[in-house]
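Only one structure is covered here, and it is reproduced in the block below.
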Amino acid sequence: MSKLYKNRSIIMVAVAAIIIIVIIAVTSVDRDRISAGESIVGSIIKPAAGAVTAVVNSIRSSVSGIAEYRSLKDTNSMLNEQIILLRAQVREMEALRQENHRLREMLDFKDVHSEFDLIGCSIIGKSPDNTSSIFIINKGAENGIVKNMPVVTSSGLVGQVIDVGSGWAKVLPLNDQRSSVSVLINRTRDTGILKGDINFELTGSIPPDAAIVEGDDVVTSGMGGIYPKGLFVGKINEIKTGAGRLLKTIKVEPAVDFNKVEEVFVLKHIEGLPFGGEIVD
Amino acid sequence: MSGWIIALILLLNIILQATVFQYIAVLGIKPDTAIAIVVALSTFLGKEYGMVIGAAAGMLQDIVFAKPVGITTLSYMLAGYFIGINSDKIFKEHMVVPLAFSAGATLLKYSIGIFFNYVLGVQIPLFAYIRQYFLIELIYNCLVSVVVYRALYLIYQKRFLRYRLRIKKKR
């Protein structure tokens, strides 16, 4: 008994390790909802992370504003308060113009993909793990978000929802190495598979006889049932056809800049309408 | 009460890691400050606290950012435990301590991560993985660990953590 007591910490760590391995096994399979415990932790992290992200974004924007102002001051010492005021107004108008542009693009998107409702979300935190590009968004189950919903910006496809909590959800972007999507080369109609790689780039395989060229548009094929047909993914920027290769390897320049994206839209399919629109030129 | 302080440190850390620390990436690699905290607290408080703190830090990160949940939990828990085992045998003041322990913890984290990814069928180009992530993070974690260790050591020296946790100083 005393020997058992002496070894209690080894027993504790072994038991804990077994429990964790069971958790890994349970959580690695597909689940519709995360557990209550996970949901609570997420609800604690979410508002804090959201607030810090908001502060960081405002500091970032002010710092870039100051840098811009200084460089202008250097080149033109005649700048006075009025010009600063005008510049502020111009900046405000520019922000409004960009917002207008973004909303207009979303409207265009909505016109093309009318079978979806768009749920606007902000990114509130990104994975600290260097090998992962998973991020969390500020909306969850009560906004109608469920697992496997596609996530887009006005530029193109971002990824898919992989876990949903209350008020937050985890998104797996396309450029994560665990991500893959069935795609279609818009011009030639060849299909292939596009995956994220360890450089967080999009690498894909296309049949060897495909007459693709650099710059061809890549869109989702609609196969797999997660992403609807016709979502813009990016443009081919590299094609490799080595001797003995069974498939052509392509690299795709994503339409979305995954490092800079701050706002995304989750696509909620409207019941009764066909899943997936026509291919956009 | 001090358990609350440790919980607060871990919570604050995960929030900073998810937001601010995204901007201090070197060659695309962010430092793992959670490892630095686990290394420091396990060294000061021993294996059982190390194990619990490691598991808590890993679980937080897993729940919010990972799928499946548990891989980081397991690696940080084992790291905390193994560091804690050795905590009596070393000079805690020496700066080699955080360097060596965080190198070991980073190695353990990557080994467990690669193993489970392999088991779960995620294809990993091993050498590229080591070159691109592991080596850079190893160096970055070691450097950050020295700073974090120093800061937490100062708090520990003030007997703040120790007394609140009712841990007797080992002679």
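Numbered from 1 within each chain, the chains take letters A, B, ... in sequence-line order. Quick caveat, the model's predicted, so the values are computed rather than measured.
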A:Phe200 side, atom CZ; B:Gln132 side, atom CD - distance, nearest 0.5 Å: 8.5 Å

Over 12 foreign heavy atoms within 6.0 Å of NZ, A:Lys195: no

Between B:Ala18, B:Gly28, B:Pro125, the one whose heavy-atom pairs under 4.5 Å with chain A are most numerous: B:Ala18

B:Ile14 portion near chain A, given a 4.5 angstrom heavy-atom threshold: side chain

Considering all heavy atoms, the nearest A:Asp129-B:Lys30 contact: O-NZ, 3.8 Å

Distance (rounded to the nearest 0.5 Å) between A:Ile23 CD1 and B:Ile71 CD1: 12.0 Å

Heavy-atom neighbours of B:Tyr23 OH exceed 12 at 6.0 Å: yes

Option in B:Lys47, B:Gln61, B:Lys109 with maximal non-hydrogen atom pairs under 4.5 Å from chain A: B:Gln61

Nearest-0.5 Å distance, CD1 of residue A:Ile124 to OG1 of residue B:Thr19: 10.5 Å

Heavy-atom proximity to chain A below 4.5 Å, by part of B:Val122: side chain

Least distance between heavy atoms, B:Ala128 atom then A:Ile198 atom: CB-CD1, 3.3 Å

Contact origin within A:Asn199 toward chain B - heavy atom pairs under 4.5 Å: both

Side chain proximity check, B:Val64 to A:Val41, heavy atoms < 4.5 angstrom: yes

For the student: nearest non-hydrogen atoms of B:Glu48 and A:Met12, plus distance: CG-CE, 4.2 Å

Region of A:Ala16 that comes under 4.5 Å of a non-hydrogen atom in chain B: both

Student check: side-chain heavy atoms of A:Ile24 and B:Val69 closer than 4.5 Å: no

Contacting moiety of B:Tyr81, where chain A heavy atoms sit under 4.5 Å: side chain

Under 4.5 Å from any heavy atom of chain A - which part of B:Ala66: backbone

4.5 Å side-chain heavy-atom contact, B:Met77 and A:Val13: yes

Approximate separation, where rounding is to 0.5 Å, of A:Ser39 OG and B:Ile63 CD1: 10.0 Å

Closest approach of A:Ile136 to B:Phe65 (non-hydrogen atoms, all atoms of both residues): CG1-CE2, 3.8 Å

Side-chain touch A:Lys126/B:Phe21, heavy atoms, less than 4.5 angstrom: no

Largest heavy-atom contact set with chain B, pairs under 4.5 Å, which of A:Gly165, A:Ser127, A:Gly42: A:Ser127

Approximate separation, where rounding is to 0.5 Å, of B:Tyr140 OH and A:Asn130 CG: 10.0 Å

Among A:Ala49, A:Ala17, A:Pro128, A:Ser132, residue most engaged with chain B (heavy-atom pairs, under 4.5 Å): A:Pro128

Heavy-atom pair count under 4.5 Å with chain B, highest-scoring of A:Ile10, A:Thr53, A:Thr131: A:Thr131

Interface moiety of B:Leu12 toward chain A, non-hydrogen atoms closer than 4.5 Å: neither

Side chain, backbone, both or neither of B:Leu120 within contact of chain A (heavy atoms, under 4.5 Å): side chain

Nearest-0.5 Å distance, NZ of residue A:Lys147 to NZ of residue B:Lys67: 4.5 Å

For the student: nearest non-hydrogen atoms of A:Ile20 and B:Gly70, plus distance: CG2-O, 3.1 Å

Among A:Leu172, A:Ile162, A:Val22, residue most engaged with chain B (heavy-atom pairs, under 4.5 Å): A:Ile162

Contacting moiety of A:Ile21, where chain B heavy atoms sit under 4.5 Å: side chain

